[in-house]
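Here the structure comes first, spelled out in structure tokens, and everything after it is commentary.
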Amino acid sequence: MAKIIVVTSGKGGVGKTTSSAAISTGLALRGHKTVVIDFDVGLRNLDLIMGCERRVVYDFVNVINKEASLKQALIKDKRTDGLFILPASQTRDKDALTHEGVEAVLDELAKDFDYIICDSPAGIEQGAQMALYFAEEAIVVTNPEVSSVRDSDRILGILQSKSRMAEQGKAVKEHLLLTRYNPTRVASAEMLSVADVEEILAIPLLGVIPESEAVLKASNQGAPVILDTESQAGQAYEDAVSRLLGDEVEHRFLEQTQKGFFKRLLGGK
Amino acid sequence: MADPCFQIKGTSVTSMVLDLYHYQGEEFASALHQKVQSAPLFFTGSPLYINLASFNGELSKPELQEIIKHCQSLGFQLFGCKGGSEPQAKLAKDLGLVHLPASRARPDKTEPSPEPEPAPVASPEPEAISRPTRIIERPVRSGQQIYAEGSDLILLAQVSEGAEVIADGNIHAYGPLRGRALAGVRDNPNARIFCQHLEAELVSIAGHFVLNDTLRERCWKQPAQVFLQDDSIEIAAL
């Protein structure tokens with residue numbers, strides 16, 4: 001049976017799709033057969049981040065409406081073995097997703113895959129609620145600023161009251177993924193610290209992804225940032241995947257990098 | 001898989017009950033008016049039924065019509081009669097009221113009926129109702145609202161900013177209290193809020209409230225209790 005994980009946040013633009021792409025790639029790289037589903041019907045982005053936008057023929061809504069089979073709609077990732085993408089429809093809206101339709105697709109995927117990653121749209125309306133309804137675990141993507149933290153708190157409340165697990169009286173397992181973290185700006189009190197966010201949300205920390213140019217570069221190239229193993233962001237996502245799989249890994253990139261002695265001597269920036 | 005268009009379930013509805021002992025038009029009207037004046041917001045729109053179990057004699061049709069008129073003009077939603085004789089039951093039905101069968105035991109004249117009712121009955125005095133304390137073990141998140149009706153509320157985890165916790169009785173918060181907390185909302189001035197970590201956006205007792213900026217001056221992020229003294233909110237260290 002596959003494990004269904006939703007990547008959600010409430011707020012838009014915090015890095016849900018980037019994180020969905022990186023984490024699903026990371027899971028597949030470690031030999032877990034993974035599918036990542038774009039629930040953002042009407043504003044599909046995941047295929048761009050995954051670099052497969054030109055190969056989209058059928059989409060999630062086509063499968064729900066039985067206009068195409070799941071096999072036809074699933075896109076096999078060219079870089080990573082065991083990774084598949086189910087793209088969203090760009091021409092429809094979020095009402096095209098029905099509970100029964102989504103459940104049928106997830107049930108069919110669950111037979112073949114180890115992990116199903118649901119990339120949620122922003123907001124707390126139907127689209128976002130559909131993405132989280134069937135989830136057993138949730139990765140809540142948060143930026144270190146107050147409005148993002150507030151929205152994450154809201155989505156945590158929805159997770160624990162409107163998901164299928166909640167209806168069955170069980171709890172969805174929660175993970176906090178802090179993205180766009182900039183230790184320098186935290187030090188100058190322009191950003192909330194990891195400790196601040198942890199104190200407000202009070203859920204286990206899955207990872208801290210440092211703000212990095214590599215993320216933008218990866219998005220534009222259509223290659224999940226986790227494949228950029230040189231970058232701090234890529235390494236931080238690697239660590240997060242390890243923790244998701246149950247390993248204990250120490251958190252990195254939380255402190256300002258000290259300028260080296262020689263760099264300072266030579267006046268390097 | 002078509003969605004069914006309805007579902008029938010058992011439920012219990014909170015309502016007020018008016019125990020009628022005897023009836024004289026003018027006396028009834030002015031007494032009811034006075035009662036409502038004492039707490040207009042509390043009574044407005046309240047569902048209400050009339051309990052005839054302790055009523056001496058029989059109500060005539062014009063009398064019952066008058067009662068209906070008085071109740072409606074004061075904002076009650078009178079929906080039924082309980083108990084009384086067969087002809088009374090028929091009269092109630094003829095006037096469009098629901099008739100509820102009498103409870104088995106005859107209620108005491110001075111107290112709300114103690115035996116189990118088909119519907120839980122809210123008496124006008126909040127102190128008179130006692131329900132099991134409501135205990136919430138998970139965090140109360142932004143946008144969520146928890147209401148402990150007729151009882152105390154115990155919160156074992158945090159209450160986030162943007163969340164609202166409400167109780168007719170006291171509120172006890174063992175995690176950080178960062179949202180809004182309203183105790184004694186049915187005009188119970190004796191209700192209190194107890195918390196381990198006071199960081200609330202607003203605290204209120206029986207409709208009196210203070211905001212975050214006032215709270216910051218007293219016991220901020222400390223264990224504290226909030227209570228009402230001479231109609232003003234007091235905050236004291238625990």
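To find a chain, count down the sequence lines: A is the first, B the second, and so on, and within it residues start at 1.
Within 6.0 Å of NE2 in B:H208 there are more than 12 heavy atoms belonging to other residues, nucleotides or ligands. In the displayed structure, A:Y58 atom OH is contacted under 6.0 Å by at most 12 heavy atoms of other residues, nucleotides or ligands. Environment of CZ in B:F79: crowded, with over 12 heavy atoms of neighbouring residues, nucleotides or ligands closer than 6.0 Å. Within a 6.0 Å sphere centred on CD of A:Q168, other residues, nucleotides and ligands contribute more than 12 heavy atoms.
Heavy atoms only, all atoms of each residue included: B:Q144 and A:G157 are closest at NE2-O, 3.3 Å. Closest of all the heavy-atom pairs between B:Q158 and A:A202 is NE2-CB, 3.5 Å. The shortest heavy-atom contact between A:I203 and B:R141 is CG2-NH2, 3.4 Å.
With rounding to the nearest 0.5 Å, the separation of OG in B:S142 from CD1 in A:I200 is 11.5 Å. Here the straight-line distance linking atom CG of A:D153 with atom CZ of B:R178 works out to 9.0 Å at 0.5 Å rounding.
Looking at A:I155, neither its backbone nor its side chain comes within 4.5 Å of chain B, counting heavy atoms on both sides. For a residue to count as touching a neighbouring chain, one of its non-hydrogen atoms must lie under 4.5 Å from one of that chain's; by this rule A:E199 touches chain B with backbone and side chain alike.
Taking chain A as the reference chain and counting heavy-atom pairs below 4.5 Å, the highest number among B:P139, B:S160, B:A163 is found for B:S160.
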Mind listing the side-chain donor-acceptor pairs of residues 219-236 of chain B below 3.5 Å, one per line with the distance, residues two or more places apart or on another chain?
from	atom 1	to	atom 2	distance (Å)
B:Q225	OE1	B:R192	NH1	2.8
B:S232	OG	B:Q229	O	3.3

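Here A:R154 does not pair with B:E161 in a salt bridge; the nearest charged N to carboxylate O distance is not below 4.0 Å.
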